Amino acid sequence: MYINLEIFCGIALIAITFYYYLTVNNNFWKNRGIPGPEPILGFGSMKNVIFGKESISQFLTRMYNEYKNEPMIGIFRLKTPALIIKDPDLIKTVLIKDFSKFMNRGLLPIISGEPISHHLFALEAKRWQPLRKHLTSGFTSNKLKGMFYLIHECSKQLVNYMDTLVRKEEPVNVREVAARFTTDVVGSCGFGVEMNSLSEKESEFRRLGKSIFNTSFQKIIIDRIRELTPQVYNFLLYILPLDRISPKILKLTKETIEYRKKYDIFRPDFMNIILELKNHPEKINFDITNELLAAQVFIFFTAGFETSSTLMSNALYELALNPDIQHKLREEIKEFESKNDEEWKYETIKKMDYLEKVIQETLRKYPSVPFLNRELIDDYTFESNKVTIPKGLKIWIPTYAIHNDPDIYPDPEKFDPERFSEDEIKQRHPMHFLPFGHGPRNCIGARFAEYQTKIGLIYILRNFKLDVCDKTLIPYKLDPRGLLLIPFTDLYLKITRLTN
């Protein structure tokens with residue numbers, strides 16, 4: 001009897017301790033006067049996200065709308081407090097004005113057993129700053145201008161590939177077409193490698209790209225463990241083959257570096273910048289390992305093909321839904337083509353005003369990064385409400401919700417490129433358009449993404465007409481398991497070859 005009582009007391013003590021552990025922060029936001037939802041025991045505010053019923057962007061949009069008039073909202077990731085910021089002036093403070101206090105992203109954990117997690121997007125401020133400064137040289141106007149011929153060649157292959165699809169007289173999956181195109185562009189411009197994605201046979205690199213953004217239930221579970229309990233994930237790496245991507249990226253990086261060294265090959269591309277780091281580690285003043293270089297290759301490949309292909313396929317989708325806009329854009333393409341004797345140049349594309357508006361409106365409705373994430377590197381007090389938050393706290397900026405707020409963009413479901421006329425832009429707060437972030441830690445490859453997308457759209461619209469069909473996803477529905485903003489199903493369109 002005495003032993004049973006001891007066991008009962010022990011179990012009760014453990015239960016009480018565990019309950020305290022789970023609830024110790026529950027009054028964190030109440031004590032600071034910040035509104036937000038009541039946390040659910042063990043799940044915080046994000047139960048639906050954890051179980052894949054709601055994407056993070058959908059969750060943030062729901063919070064944004066439920067607390068419509070609040071400048072900031074207090075939430076919990078499991079038991080850890082996090083802050084959603086809505087007010088544009090506060091957003092400017094975080095991204096620009098007091099950037100030095102919010103330099104870390106804090107979104108993707110760096111895993112010691114996963115080499116490619118040490119990439120520019122995830123790195124802490126100390127390593128991010130010198131690395132970003134060096135890698136930026138690969139995305140200047142001159143570098144983009146030098147890539148034009150390579151993208152031009154990929155675009156011609158794109159037209160040939162689409163011709164083979166059109167001849168089948170079946171709906172075309174434009175998400176897959178766009179992904180194959182951008183995979184080839186990234187391979188050519190980034191690594192000097194012919195990916196051969198634009199063919200009937202699926203290339204190895206296209207399969208690699210698919211595996212990175214796979215939204216299967218198993219992948220979601222692994223990603224949630226990785227995000228919410230990185231220590232557990234790191235332990236599992238030693239007993240389970242969870243990381244299937246790192247070996248492939250390490251192999252690509254190593255082989256490309258060795259080949260270029262052996263044959264003294266120079267190309268003005270991303271891999272050349274990686275080679276310079278390898279040969280001159282003093283430029284960033286910390287250890288340069290093959291794993292660190294491979295991590296930068298990984299993020300360039302991943303972000304380069306996925307954000308651009310999503311932007312491109314969403315633009316094609318909206319152009320099919322809006323034939324008047326499609327016609328107007330095609331007429332602009334024909335006009336600039338005739339002005340330049342059917343020869344496309346970097347400078348020509350920069351002058352295309354309506355194409356720019358279409359791209360910006362696509363990014364407004366479907367932002368490449370549906371939310372921004374920052375992490376405090378020191379305790380901080382907001383001037384506006386004197387609320388103090390501690391070092392390490394994560395801050396989320398709900399880009400997708402802002403871009404689809406009817407008070408900022410009237411009738412947000414409508415696809416209207418004229419929202420991006422000069423007069424309309426001047427009337428909006430600059431922090432109300434954040435497709436690639438803002439400030440010093442914005443997306444390093446934003447211009448490259450827009451540039452390759454524009455060239456791809458030009459070649460498609462000059463040669464093909466886009467229409468909706470029975471398989472077209474109407475209305476557009478988001479995949480609740482996607483980290484990025486992706487549709488629930490593939491995007492199918494009817495595509496017809498133009499005769500002139």
Side-chain angles (χ1 to χ4, degrees), residues 115-116 118-120 130-158 160-161 179-199 201-209 211-212 244-305 308 346 444-445 447-449 451-452 455:
I116 58 172
H118 295 253
H119 52 69
L120 190 68
L131 190 58
R132 164 86 184 214
K133 184 177 180 180
H134 181 77
L135 295 180
T136 298
S137 63
F139 300 94
T140 63
S141 295
N142 283 337
K143 286 291 174 64
L144 290 177
K145 187 176 179 179
M147 293 176 185
F148 180 82
Y149 174 75
L150 299 174
I151 303 177
H152 171 75
E153 289 301 306
C154 290
S155 298
K156 290 196 293 185
Q157 293 174 29
L158 170 64
N160 292 335
Y161 177 60
R180 291 188 178 211
F181 168 67
T182 56
T183 297
D184 277 7
V185 170
V186 168
S188 182
C189 297
F191 315 119
V193 176
E194 291 187 10
M195 302 289 196
N196 296 316
S197 296
L198 291 166
S199 63
K201 184 179 178 182
E202 186 176 69
S203 72
E204 179 184 354
F205 289 99
R206 179 64 196 118
R207 288 194 294 274
L208 176 61
S211 68
I212 294 171
R244 301 177 185 274
I245 297 172
S246 290
K248 295 179 181 179
I249 298 296
L250 283 164
K251 183 173 181 287
L252 169 65
T253 306
K254 182 181 177 182
E255 289 179 352
T256 304
I257 289 175
E258 289 177 351
Y259 182 81
R260 291 196 181 189
K261 278 188 172 182
K262 181 177 180 180
Y263 295 101
D264 195 24
I265 294 173
F266 170 81
R267 279 174 58 100
D269 56 16
F270 184 77
M271 189 56 77
N272 185 66
I273 300 172
I274 294 296
L275 273 168
E276 282 191 21
L277 277 180
K278 178 79 171 174
N279 295 330
H280 301 283
E282 70 278 1
K283 288 187 175 184
I284 59 174
N285 201 30
F286 59 83
D287 289 342
I288 300 296
T289 63
N290 287 335
E291 288 75 15
L292 182 74
L293 297 178
Q296 312 323 310
V297 169
F298 165 74
I299 200 63
F300 179 82
F301 171 75
T302 303
F305 95 82
S308 301
Y346 173 76
I444 191 173
R447 289 199 299 172
F448 176 73
Y451 184 48
Q452 65 169 318
I455 298 174

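Computed from a predicted model, the values in this text were never measured in an experiment.
In this structure, the side chains of Asp184 and Leu158 stay at 4.5 Å or more apart for every pair of heavy atoms. In this structure, Arg132 and Ile444 have side chains that are in contact, with non-hydrogen atoms separated by less than 4.5 Å. Residues His118 and Leu131 are not in side-chain contact: their nearest non-hydrogen atoms beyond the backbone lie 4.5 Å or more apart. The shortest side-chain heavy-atom distance between Asn290 and Thr253 does not fall under the 4.5 Å cut-off.
Between Gln452 and Phe181, the closest heavy-atom pair is O-CE2, 3.6 Å.
For Lys156, the salt bridge (charged side-chain N to carboxylate O under 4.0 Å, His left out) test picks out Glu153, with sequence neighbours left out. For Tyr259, the ring pair (Phe, Tyr, Trp, His ring centres under 6.0 Å) partners are Tyr263, not counting sequence neighbours. By the salt bridge (charged side-chain N to carboxylate O under 4.0 Å, His left out) test, Lys278 is found to be paired with no residue, residues two or more places apart in sequence or in another chain being considered.
The aromatic ring centroids of Tyr346 and Tyr451 lie less than 6.0 Å from each other.
Between Gln296 atom CD and Ile273 atom CD1 the span is 11.5 Å, to the nearest 0.5 Å. Between Arg260 atom CZ and Leu275 atom CG the span is 6.5 Å, to the nearest 0.5 Å. In this structure, Thr256 OG1 and Ile274 CD1 are separated by 10.5 Å, a value rounded to the nearest 0.5 Å. Expressed to the nearest 0.5 Å, how far OG1 of Thr136 lies from NZ of Lys143 amounts to 11.0 Å.
Checked for salt-bridge contact, Glu258 and Lys262 miss the test: no charged N lies under 4.0 Å from a carboxylate O.
Between His119 and Phe298, the two ring planes are tilted [angle within 30° to 60°].
Here the side chain of Ser188 pairs no donor or acceptor atom with the backbone of Val185 at under 3.5 angstrom. Not a single donor-acceptor pair under 3.5 Å links the side chain of Glu276 to the backbone N or O of Asn272.
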